[in-house]
2 protein chains.
Amino acid sequence: MRRDIFQAIADPTRRAIIALIALQAMTPNTIAENFNTTRQAVSKHLRILTECQLVKQEQQGREIYYSLEIEKMKEIDKWLEQYRKIWENRFNQLDQVLSTIKKQKKNEK
Amino acid sequence: MRRDIFQAIADPTRRAIIALIALQAMTPNTIAENFNTTRQAVSKHLRILTECQLVKQEQQGREIYYSLEIEKMKEIDKWLEQYRKIWENRFNQLDQVLSTIKKQKKNEK
DNA sequence: CATATGTGCAACTATTTGGTTTCGCAAATT
DNA sequence: AATTTGCGAAACCAAATAGTTGCACATATG
């Protein structure tokens with residue numbers, strides 16, 4: 001099933017899970033211990049995160065270790081890029097204003 | 001009312017609205033014309049976007065012009081920063097591997 | 001082989017969400 | 001003054017969502 005990455009990171013619990021498994025791979029039980037939820041609830045979140053490839057899993061015996069697929073996070077960064085251009089451009093414009101003021105002061109001397 | 005910015009950008013229609021008003025300020029009617037929705041639906045989206053300060057409004061007569069509050073977008077960038085560190089670090093590690101291979105080839109000559 | 005442990009999945013529920021319809025109000029237009 | 005236009009808000013509805021409970025299954029452990 002395909003899944004929107006922005007919809008996936010909308011839930012605060014899922015963002016907390018992402019932050020947790022970004023540091024090291026974890027089993028659903030271990031993740032659940034870090035929050036006030038059941039393992040089943042975590043499992044559902046992990047499924048959603050897996051569906052949009054934000055998370056990968058590695059089975060070891062009966063345990064399944066989940067970890068962050070960092071490559072997928074770049075997709076958000078890519079979306080943000082268009083807006084970064086805007087705020088950086090705005091910064092440059094401010095920069096120009098400041099240097100203009102500077103020049104004017106110079107001429108006043 | 002306070003509102004989670006990640007929840008705000010989760011909806012694809014809202015992201016489209018953001019992209020639209022990032023370029024220039026627009027009235028709800030104009031925005032609605034660009035999509036397959038009613039003005040009322042757009043109005044609801046704008047309300048949500050306003051509630052998390054992603055959007056600002058300026059009244060001109062009976063028209064209200066909505067535009068993007070670019071500063072708020074940086075909040076997403078800030079959240080992404082912790083993960084950017086991870087993928088940049090990973091890239092550096094790859095870089096080291098590549099330069100090691102290069103050195104080895106050099107020594108083979 | 002019996003039991004304990006780790007897991008995903010389905011059914012169910014309360015809540016949230018995105019959309020439509022209807023309304024009232026203020027500003028423009030006639 | 002009457003009508004049109006632009007707007008937000010409330011009421012309503014269908015669909016999605018997050019969580020709980022109960023289950024089945026596979027892998028360890030005794």
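Lettering of chains follows the sequences in order, A, B, ..., and the numbering in each one begins at 1. Bear in mind that the values here come from a model prediction, so they are computed numbers and not experimental data.
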Check your understanding: Tell me, which pairs form a salt bridge (charged side-chain N to carboxylate O under 4.0 Å, His left out) where one or both residues lie in residues 6-18 of chain A, sequence neighbours left out?
Key -> A:Arg15-B:Asp4
Point to revise | Pairs where residues 22-43 of chain B contributes a residue and the test salt bridge (charged side-chain N to carboxylate O under 4.0 Å, His left out) is met, not counting sequence neighbours | key: none
Taking the side chain as every heavy atom from C-beta outward, state whether [X] and [Y] have any pair of such atoms under 4.5 Å apart.
X       : Y       : answer
B:Ile21 : B:Met26 : yes
A:Val42 : A:Thr13 : no
A:Asp77 : B:Trp87 : yes
B:Trp79 : B:Ile5  : no

Point to revise | DNA chain D contacts made by residues 25-35 of chain A, counting heavy atoms under 4.0 Å | key: none
**Study point:** Members of residues 5-23 of chain A that approach DNA chain D, where some heavy atom sits under 4.0 Å away
**Key:** A:Gln7, A:Asp11, A:Thr13, A:Arg14
Exercise for review: May I ask you to evaluate whether A:His45 reaches the phosphate of D:dG19, defined as a side-chain N or O under 4.0 Å from OP1 or OP2?
Suggested key: yes
Practice item. Kindly check if the number of other-residue, nucleotide or ligand heavy atoms within 6.0 Å of NZ (A:Lys74) is above 12? Key: yes
Exercise for review: Count the heavy atoms of every other residue, nucleotide or ligand shown that sit under 6.0 Å from CZ of A:Arg84, and state whether that count exceeds 12.
Suggested key: yes
Revision key, fill the gap. Residue pair A:Gln59/A:Ala41 against DNA chain D: nearer the 5' end by closest nucleotide is A:Ala41
Would you mind reading off the distance between [X] atom [atom1] and [N] atom [atom2], rounded to a whole angstrom?
X       : N      : atom1 : atom2 : answer
A:Arg62 : D:dT29 : CZ    : P     : 6 Å
B:Glu58 : D:dG6  : CD    : P     : 18 Å
B:Ile64 : D:dC7  : CD1   : C1'   : 6 Å
A:Arg39 : D:dT21 : CZ    : C1'   : 12 Å
B:Leu46 : D:dG8  : CG    : P     : 7 Å

**Study point:** Donor-acceptor under 3.5 Å (A:Asn34 side chain, A:Thr30 main chain)
**Key:** yes
Point to revise | Main-chain N/O of B:Gln59 paired to B:Gln57 side chain as donor or acceptor, under 3.5 Å | key: no
Check your understanding: What are the 5'-most and 3'-most nucleotides of DNA chain C lying under 4.0 Å from any heavy atom of chain A?
Key -> C:dA4 to C:dC9
Point to revise | Member of A:Lys44, A:Arg3, A:Lys72 meeting the salt bridge (Lys or Arg N to Asp or Glu O under 4.0 Å) criterion with A:Glu51 | key: A:Arg3
Check your understanding: Given B:Tyr83 and A:Ile70, is the side-chain contact (heavy atoms from CB on, under 4.5 Å) satisfied, shown in steps?
Key -> CA-CA 7 Å; B:Tyr83 303 108; A:Ile70 194 75; 3.9 Å; yes
Any N/O pairs under 3.5 Å between the protein and nucleotides 10-15 of chain D? List them or say none.
none

Review point. Under 3.5 Å, is there a donor-acceptor pair between the B:Glu63 and B:Tyr65 side chains?
Key: yes
